Amino acid sequence: MCLCLGPTGSGKTLLLKKLQNRETIDTMSSTVPTVGTNLVTIRLENQKETTVREVGGAMAPIWRSYYNGMQKIIYVVDASNLCQIAAAGVLLYTILAEPCLQKAKVLLVLSKMDASYRQMRNEALLMLQLSRLKKEISQDITVLEASAMTGEGTDKVLNWLQSGNIASAKPK
C-alpha cells in the first residue's frame, strides 16, 4: 500500500482518479476536498494492482496514524499556488522526520503543471528548499511534475508506483 498526502486543494484526488482511469479526467472534471480517506486501486503493468490511501489535507494533524508500515509516500504540492507551498513544505518536513518513515520511498509530485508557468517549478523547489532537504534526510525522494487534466507526467507516477526507483532526486 502507498499513502498519498498533501495540503487541501493540491490535486491528490484528481491525480489518483487519472492514474486509476486515464479517460475519466478532462477539463470539465472537478472534485471536492477529501474529508477522511479514499482507497484507490490502480492497475499497473502486467495486471498488477496497488492500493493507494489518500488522506485529506484537512486531516494533516492525524496523518501520522496512517504511517505505520508504509513503504511509499506520494506527496502532492500544487505548483500553481505559490502561497500554499511554504505550508506544504512544513507538512513535508514533518512527514520526513517521522522515525517509522525513515526507509520509505517518497514521490514529491508538483501537480497542476498545466495551470502554472515553467518558472513556477523552480520557485516551488526553491521555496521547499529541496536541495538543502535532500542533504539532511535519509529517504529516497523522487520529484516529478504532473497534470491530472492533461495527463502529463502521470506515466512517470505509474512507473514510480510500479518500481519506486525512477530518476531518484537523492544525491549519490
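Heavy-atom basis, side chains included; hydrogens, waters and symmetry copies ignored. This one's a predicted model, so the numbers in the text were calculated from it and none came from an experiment. The first residue in the sequence is number 1, and the count goes up from there.
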>> Determine whether a donor-acceptor pair (N or O, by modelled atom type, separation under 3.5 Å) exists between the side chain of K12 and the backbone of C4.
In response: no

>> Please determine whether residues L92 and L82 belong to a single hydrophobic cluster, defined as Ile, Leu, Val, Met, Phe, Trp and Tyr linked transitively by side-chain heavy-atom distances below 4.5 Å.
In response: yes

> Can you name the closest pair of heavy atoms from S10 and Q84 and give their distance?
Replying inline: CB-OE1, 4.2 Å

> Got L44 and L158 here, is their nearest side-chain heavy-atom distance under 4.5 Å?
Replying inline: yes

> What pairs with R43 under salt bridge (charged side-chain N to carboxylate O under 4.0 Å, His left out), at least two apart in sequence or on another chain?
Replying inline: E49

>> According to side chain to side chain contact (heavy atoms under 4.5 Å, CB included), who are the partners of S65, at least two apart in sequence or on a separate chain?
In response: I62

>> Using modelled atom types and a 3.5 Å cut-off, is there a donor and acceptor pairing between side-chain atoms of E145 and backbone atoms of E152?
In response: no

> Counting N and O atoms only, with roles assigned by atom type, does the side chain of Q102 sit under 3.5 Å from a partner on the main chain of S138, one being a donor and the other an acceptor?
Replying inline: no

> Considering residues at least two apart in sequence or located in another chain, which fulfil the side-chain hydrogen bond (donor to acceptor under 3.5 Å, both in side chains) criterion with Q71?
Replying inline: none

> Minimum heavy-atom separation for A88 to Y75, with atom names?
Replying inline: O-OH, 2.6 Å

> How close do Y67 and L3 get, heavy atom to heavy atom, and via which atoms?
Replying inline: CD2-CD2, 3.8 Å

>> Quick test of your reading: applying salt bridge (Lys or Arg N to Asp or Glu O under 4.0 Å), list the pairs with at least one residue in residues 81-96, sequence neighbours left out, ordered by first then second residue.
In response: none

> What is the minimum heavy-atom distance between K18 and G151, and which atoms define it?
Replying inline: CE-CA, 3.7 Å

> Quick one: do V90 and V77 end up in the same hydrophobic cluster if we chain Ile, Leu, Val, Met, Phe, Trp and Tyr together by side-chain heavy atoms under 4.5 Å apart?
Replying inline: no

> Does S111 reach the main-chain N or O of V76 with its side chain, forming a donor-acceptor pair under 3.5 Å?
Replying inline: no

>> Against L96, only a single residue in L91, I73, L101, I141 fulfils side-chain contact (heavy atoms from CB on, under 4.5 Å); can you say which?
In response: I141

>> Within this structure, what is the CG-NZ distance for the pair N38 and K17, rounded to the nearest 0.5 Å?
In response: 8.0 Å

> Does T50 reach the main-chain N or O of I42 with its side chain, forming a donor-acceptor pair under 3.5 Å?
Replying inline: no

>> I need the full list of salt bridge (Lys or Arg N to Asp or Glu O under 4.0 Å) pairs touching residues 73-82, with sequence neighbours left out, sorted by first then second residue.
In response: D78-K112

>> I need the L19 CG to I74 CD1 distance, nearest 0.5 Å.
In response: 7.0 Å

> By side chain to side chain contact (heavy atoms under 4.5 Å, CB included), which residues pair with Y93, not counting sequence neighbours?
Replying inline: Q129, L133

> Is there a donor-acceptor pair under 3.5 Å between the side chain of E54 and the backbone N or O of L16?
Replying inline: no

> Who pairs with T150 by side-chain hydrogen bond (donor to acceptor under 3.5 Å, both in side chains), at least two apart in sequence or on another chain?
Replying inline: S147

> Do Y66 and L5 come within less than 4.5 Å of each other through their side chains, counting heavy atoms only?
Replying inline: no

> Under the side chain to side chain contact (heavy atoms under 4.5 Å, CB included) test, which residues partner T94, sequence neighbours left out?
Replying inline: none

> Of all residues at least two apart in sequence or in a different chain, which pass the side chain to side chain contact (heavy atoms under 4.5 Å, CB included) check with K103?
Replying inline: none

>> Which residues pass the side-chain hydrogen bond (donor to acceptor under 3.5 Å, both in side chains) test with R64, not counting sequence neighbours?
In response: E98

> Can you check whether K72 reaches L107 side chain to side chain, under 4.5 Å on heavy atoms?
Replying inline: no

>> Could you see if I95 belongs to whatever hydrophobic cluster contains M1? Use Ile, Leu, Val, Met, Phe, Trp, Tyr and a side-chain cutoff under 4.5 Å.
In response: yes

> Nearest 0.5 Å, what's the OG1-CG distance between T154 and L161?
Replying inline: 11.0 Å

> W160 ring centre to K105 NZ or CZ under 6.0 Å, with the angle to the axis within 45°?
Replying inline: no

> Between L128 and L108, does a side-chain contact (heavy atoms from CB on, under 4.5 Å) hold up when you go through it step by step?
Replying inline: CA-CA 11 Å; L128 289 169; L108 173 60; 4.0 Å; yes

